[in-house]
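Read through the structure below, which is laid out as structure tokens, and then see the notes.
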Amino acid sequence: MSAEAHDTTASSPSPGAAPAAPSDFIRDIVAQHVAEQRYPQIVTRFPPEPNGYLHIGHAKSICLNFGIARENGGRCNLRMDDTNPTKEDVEYVESIIRDVHWLVDGWADHCLAFKKHGVPPESRVVNGATDYFMAPVCPAPSGTPGVEPFFASDYFDQIHAYAVRLIEKGKAYICDLSPEDTEKYRGAPDRPGTDSPFRTRTVAENLDLFARMRAGEFPNGTRTLRAKIDMSSPNIWLRDPVLYRIKHAAHHQTGDAWCIYPMYDFAHCLSDYIEGITHSICTLEFEVHRPLYDWILENLDLPRPLPHQYEFAKLIPSHMIVSKRKLIHLVNEKVVSGWDDPRLPTISGIRRRGVPATALRRFATGVGVTKFNSLTDIAVYEHVVRDELNATALRRLAVLDPIKLVLTNIPVGQIIEVDATDNPQSENPTTRKVPFGREILIERDDFAEVPPPKYFRLKPGGDVRLKYACIIKCDEIVKDAAGNLVEIRCTADLDSRAGGPNAAKKVKGTIHWVSAAHAISAEVRLYDRLFTAAEPDAGGDFTKALNPDSLKIVQARLEPSLGQATMEQRFQFERLGYFALDGEDSKPGALVFNRTISLKDTWAKA
RNA sequence: UGCCCAAUGGUGUAAUGGUAGCACAACAGAUUCUGACUCUGUUUGUCUAGGUUCGAGUCCUAGUUGGGCAGCCA
């Protein structure tokens with residue numbers, strides 16, 4: 001594996017390629033460390049808690065961590081931050097693995113590190129103390145057998161041993177304060193805390209109590225293990241933070257082995273250390289935790305280089321909600337069909353919607369990395385999705401809201417095969433045959449009996465080009481007894497077909513169509529933004545900002561070649577938008593297409 | 001009235017003491033067998049006040065505004 005070889009693709013501007021690696025303050029720091037040869041290898045990690053599905057905000061973190069790894073010939077560990085058994089579930093573990101693979105495959109899968117299933121950290125004695133290291137399997141692309149993500153819960157034994165070491169050094173103690181009293185003793189941001197009455201217990205007493213905590217002698221909430229730091233620190237997180245709490249609860253990975261579980265602050269820095277992480281990148285809210293992160297590691301006399309934490313501003317996209325609590329609300333209240341509803345900004349939803357991983361990566365990388373809390377306009381996201389799909393999607397003809405059009409000068413039963421281009425953006429465009437004949441279907445919107453000003457499409461007496469076929473002229477319209485338009489009757493100028501004498505003739509509009517006799521039917525789900533407000537939260541109740549038209553389902557008529565559509569393919573239904581098969585509900589013979597995104601429509605806006 | 005962090009066009013981001021640039025958005029036009037794409041042009045910016053310097057978006061001080069921190073959550 002050569003980092004350089006991959007980096008050549010990183011700077012390629014061609015669509016579908018990895019985005020160019022930008023410069024940002026974290027990459028600058030890493031670059032300096034590389035120049036100094038501070039570490040043998042750059043090692044990052046992506047550490048989600050398995051208590052929800054990954055979303056677009058996680059995508060930014062994944063692209064940052066894996067991006068830095070791949071740009072520096074390093075690796076990135078996928079680690080479940082699973083220290084709170086009462087909030088987590090294996091369903092989430094599985095979805096996270098799926099989503100991470102999907103996002104990094106073909107881009108940074110050579111940096112994706114897992115560990116061998118069931119293998120504990122290696123231990124060796126250094127200067128009389130045991131040191132722990134969890135060896136990675138890297139690369140571990142999708143489907144590698146016998147590997148699994150790293151789990152903080154894999155280190156419960158080691159983290160416990162480190163807790164004992166802290167107690168032995170007189171730097172941690174067992175506190176009997178109730179949760180309420182612990183809060184009172186902590187003070188407030190502008191008021192110092194006071195020492196716990198249990199702060200001065202002897203090492204022997206602390207060791208004994210900690211052993212009994214672990215043995216299950218005490219009920220939930222009765223005792224904690226706390227770091228002995230400084231109750232008057234201006235930083236709340238240095239006021240003797242809780243390191244371990246009692247939770248008589250089964251863990252989704254370790255079962256009933258434990259009834260005490262380490263807190264995030266204690267487990268995270270140690271997990272980083274055990275895995276040999278060099279750069280521990282997290283979001284801004286952990287900035288005030290950094291002194292604690294450093295304190296724990298520095299007070300354990302660890303023999304290997306310590307990891308360091310760097311913080312960046314998380315992604316906040318407009319018109320979306322990424323709060324785990326609110327996502328769960330939408331799922332539980334059945335506002336959406338599930339965690340992978342194509343309207344959700346979850347990675348599963350985005351994938352099901354038909355967005356290519358390359359597009360998500362381009363967006364997640366393109367938004368940049370700073371310490372400024374910003375709102376990213378959803379238009380930036382929509383732009384990369386369109387741009388990516390424009391370059392790759394197969395052009396097809398589909399009519400969402402059909403109306404019959406009869407070409408009166410074409411004999412009944414005559415089938416004319418026309419050549420249609422698959423993708424005009426490709427260097428050597430391929431074509432396919434599309435059947436054309438006397439009776440076709442066009443979009444109801446593409447005819448106007450009373451056209452508004454500057455209307456380019458079909459109108460009584462007017463002409464228009466049928467894409468890939470010929471120019472037609474509208475002679476008459478047929479209405480039913482109720483006055484509804486039921487049929488448009490036109491004459492076709494067959495000489496205006498490609499290669500014909502009138503091929504170069506200019507008409508103002510070109511519309512799409514399908515042959516009535518050959519078109520297949522399919523369900524098409526027209527998705528739109530889930531929220532109408534840029535900041536759905538702004539008004540207090542985000543459900544008030546829900547877009548009532550975020551999903552419209554239609555029975556569409558498609559050109560016959562779409563009957564052979566595959567899951568991997570992306571389509572542009574010409575003049576309409578980008579579409580892909582729904583991975584969940586589409587079946588052979590009963591196809592379901594999802595609209596990933598519409599084409600830009602400057603006419604509708606005017 | 002504590003501590004920490006941040007502030008560049010409408011939005012996001014770059015400029016590492018030396019010409020404020022890019023992307024998205026918007027607007028105008030060209031082109032077009034997709035009212036898409038593409039192309040051309042236009043509008044709009046360094047939070048404020050001092051200081052250092054030949055020179056400050058960048059360094060310093062103060063202020064303003066915004067964000068974060070008081071889970072036995074992560």
Side-chain angles (χ1 to χ4, degrees), chain A residues 22-25 28 47-49 51 81-84 86-88 175 177-179 182-183 186-193 220-226 233-239 241-247 260-261 263-265 267-268 282-291 311 313 318 324 366-384 386-387 390-391 395 397 421 424-425 454-457 464-471 496 498 503-512 534 572-577 598-606:
Chain A
S23 158
D24 58 63
F25 79 98
D28 289 347
E49 184 188 16
N51 69 342
D81 212 351
D82 57 346
T83 57
N84 188 349
T86 56
K87 291 196 171 179
E88 299 151 8
C175 180
L177 251 25
S178 68
T182 304
E183 194 185 326
R186 186 157 33 230
D190 56 348
R191 179 164 40 84
N220 289 352
T222 52
R223 275 176 238 262
T224 56
L225 176 71
R226 293 230 255 163
S233 170
N235 183 337
I236 297 273
W237 294 100
L238 258 18
R239 319 241 265 228
V242 172
L243 265 22
Y244 262 93
R245 77 287 215 186
I246 301 171
K247 260 182 198 281
I260 58 171
Y261 292 95
M263 296 287 292
Y264 162 83
D265 287 293
H268 201 92
C282 61
T283 47
L284 248 28
E285 64 266 32
F286 293 100
E287 222 163 6
V288 288
H289 293 242
R290 189 180 349 124
E311 310 87 11
S318 75
K324 225 168 251 180
V367 291
V369 181
T370 67
K371 301 187 81 151
F372 177 65
N373 291 298
S374 58
L375 183 72
T376 299
D377 195 330
I378 195 173
V380 179
Y381 172 71
E382 294 176 339
H383 174 261
V384 299
R386 287 193 180 105
D387 193 53
N390 178 45
R395 308 295 125 119
L397 297 176
T421 307
Q425 309 283 325
K454 290 195 181 173
Y455 187 82
F456 294 171
R457 293 107 95 186
V464 78
R465 180 177 285 277
L466 295 176
K467 182 88 179 176
Y468 304 125
C470 63
I471 295 170
S496 64
K505 188 181 170 190
K506 300 287 180 195
V507 289
K508 200 65 180 157
T510 299
I511 64 173
H512 58 277
Q572 183 197 101
F573 292 176
E574 297 217 35
R575 302 208 308 127
L576 295 172
S598 66
L599 248 33
K600 255 172 80 175
D601 187 357
T602 46
W603 161 255
K605 279 185 187 176

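In this text, all values refer to a predicted model and were calculated from it rather than measured experimentally.
- Between B:rU11 and B:rU43, the distance separating the two C1' atoms is 15 Å to the nearest Å.
- The aromatic rings of A:Y455 and A:W603 sit perpendicular, their planes meeting at an angle over 60°, well past the 30° parallel limit.
- Among the protein residues, A:A498 comes within range of the nucleic acid bases, having at least one heavy atom under 4.0 Å from a base atom.
- At the heavy-atom level, A:L397 lies nowhere under 4.0 Å from the strands shown.
- Spacing between atom CG of A:D28 and atom C1' of B:rA15 amounts to 12 Å, rounded to whole angstrom units.
- Whole-Å rounding puts the A:Y264 OH to B:rC73 C1' distance at 11 Å.
- At a threshold of 4.0 angstrom between heavy atoms, the contacts of A:R395 include nucleobase atoms, whether or not backbone atoms are also involved.
- Relative to the side chain of A:D190, the nucleotides B:rG35, B:rG2, B:rU16 differ in distance, and B:rG2 lies closest.
- Put simply, CD on A:E382 is 11 Å from P on B:rA26, counting in whole angstrom units.
- One can place CD1 of A:I378 at 14 Å from C1' of B:rG12, the figure rounded to the nearest angstrom.
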(request) Using Watson-Crick or G-U wobble pairs with both distances under 3.5 Å, give me RNA chain B in dot-bracket, 5' to 3', with [ ] for crossers and | for pairs to another strand. (result) .((((((..((((....[..)))).(((((.......)))))....(((((..]....))))))))))).....
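- Computed from coordinates, the A:D601 CG to B:rC37 P distance equals 10 Å when rounded to whole Å.
- Atom C1' of nucleotide B:rA36 and atom CG of A:L576 are separated by 11 Å, given to the nearest angstrom.
- Here A:F372 does not pack flat against the base of B:rA7, since the 5.5 angstrom centre distance and 30 degree tilt limits are not both met.
- A straight line from CG of A:N390 to P of B:rU34 spans 12 Å, rounded to a whole angstrom.
- Within the nucleic acid shown, A:F573 has no heavy atom closer than 4.0 Å to any nucleic acid atom.
- Interatomic distance, A:D24 CG to A:K371 NZ, rounded to the nearest 0.5 Å: 12.0 Å.
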Between the protein and nucleotides 18-24 of chain B, which nitrogen or oxygen pairs come in under 3.5 angstrom?
unit_1: B:rC24; atom_1: OP1; unit_2: A:H383; atom_2: NE2; d: 3.3

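- Side chain of A:T602, nearest nucleotide from B:rC5, B:rC73, B:rA36: B:rA36.
- Considering only the side chain of A:R457, B:rG35 comes nearest among B:rA70, B:rG35, B:rU34.
- Regarding contacts with the backbone of B:rU13, a side-chain N or O of A:S374 is found under 4.0 angstrom from either OP1 or OP2.
- B:rG41 and B:rA49 have their C1' atoms separated by 39 Å, with the value rounded to a whole Å.
- The distance from atom NE2 of A:H289 to atom CH2 of A:W237, rounded to the nearest 0.5 Å, is 4.0 Å.
- Salt bridge present: A:K467 and A:E574 bring a charged side-chain N and a carboxylate O closer than 4.0 Å.
- Ranking B:rC73, B:rU34, B:rC3 by closeness to the A:K87 side chain, first place goes to B:rC73.
- The side chain of A:K467 sits closest to B:rC33 out of B:rA7, B:rC33, B:rA14.
- The aromatic ring of A:W603 is stacked on the base of B:rG35, with the two ring centres less than 5.5 Å apart and the planes inclined by under 30°.
- Nearest nucleotide to the A:K454 side chain, out of B:rU34, B:rG35, B:rA70: B:rG35.
- Within 6.0 Å of the NZ atom in A:K508, the count of heavy atoms belonging to other residues, nucleotides or ligands does not exceed 12.
- Across all strands, A:P47 comes closer than 4.0 Å to no nucleic acid atom at all (heavy-atom distances).
- Comparing B:rC33, B:rG35, B:rA74 against the side chain of A:H289 picks out B:rA74 as the nearest.
- What separates CD of A:E183 from P of B:rC72 is a distance of 8 Å, to the nearest Å.
- For A:P189, whose side chain is taken as the heavy atoms from C-beta onward, the closest listed nucleotide among B:rG2, B:rA74, B:rU13 is B:rG2.
- Listed nucleotides B:rU34, B:rU16, B:rG68 differ in distance to A:Q572; the shortest reach to its side chain belongs to B:rU34.
- In this structure, of B:rC37, B:rC33, B:rG71, it is B:rC33 that holds the atom nearest to the side chain of A:T510.
- Here, B:rC59 and B:rG67 have their P atoms 24 Å apart, quoted to the whole Å.
- Between the side chain of A:R465 and the main chain of A:K506, no donor-acceptor pair closer than 3.5 Å is present.
- The shortest heavy-atom contact between A:E88 and A:T83 is OE2-N, 3.6 Å.
- Nucleic acid contact class of A:E574 (heavy atoms, under 4.0 Å, all strands): base.
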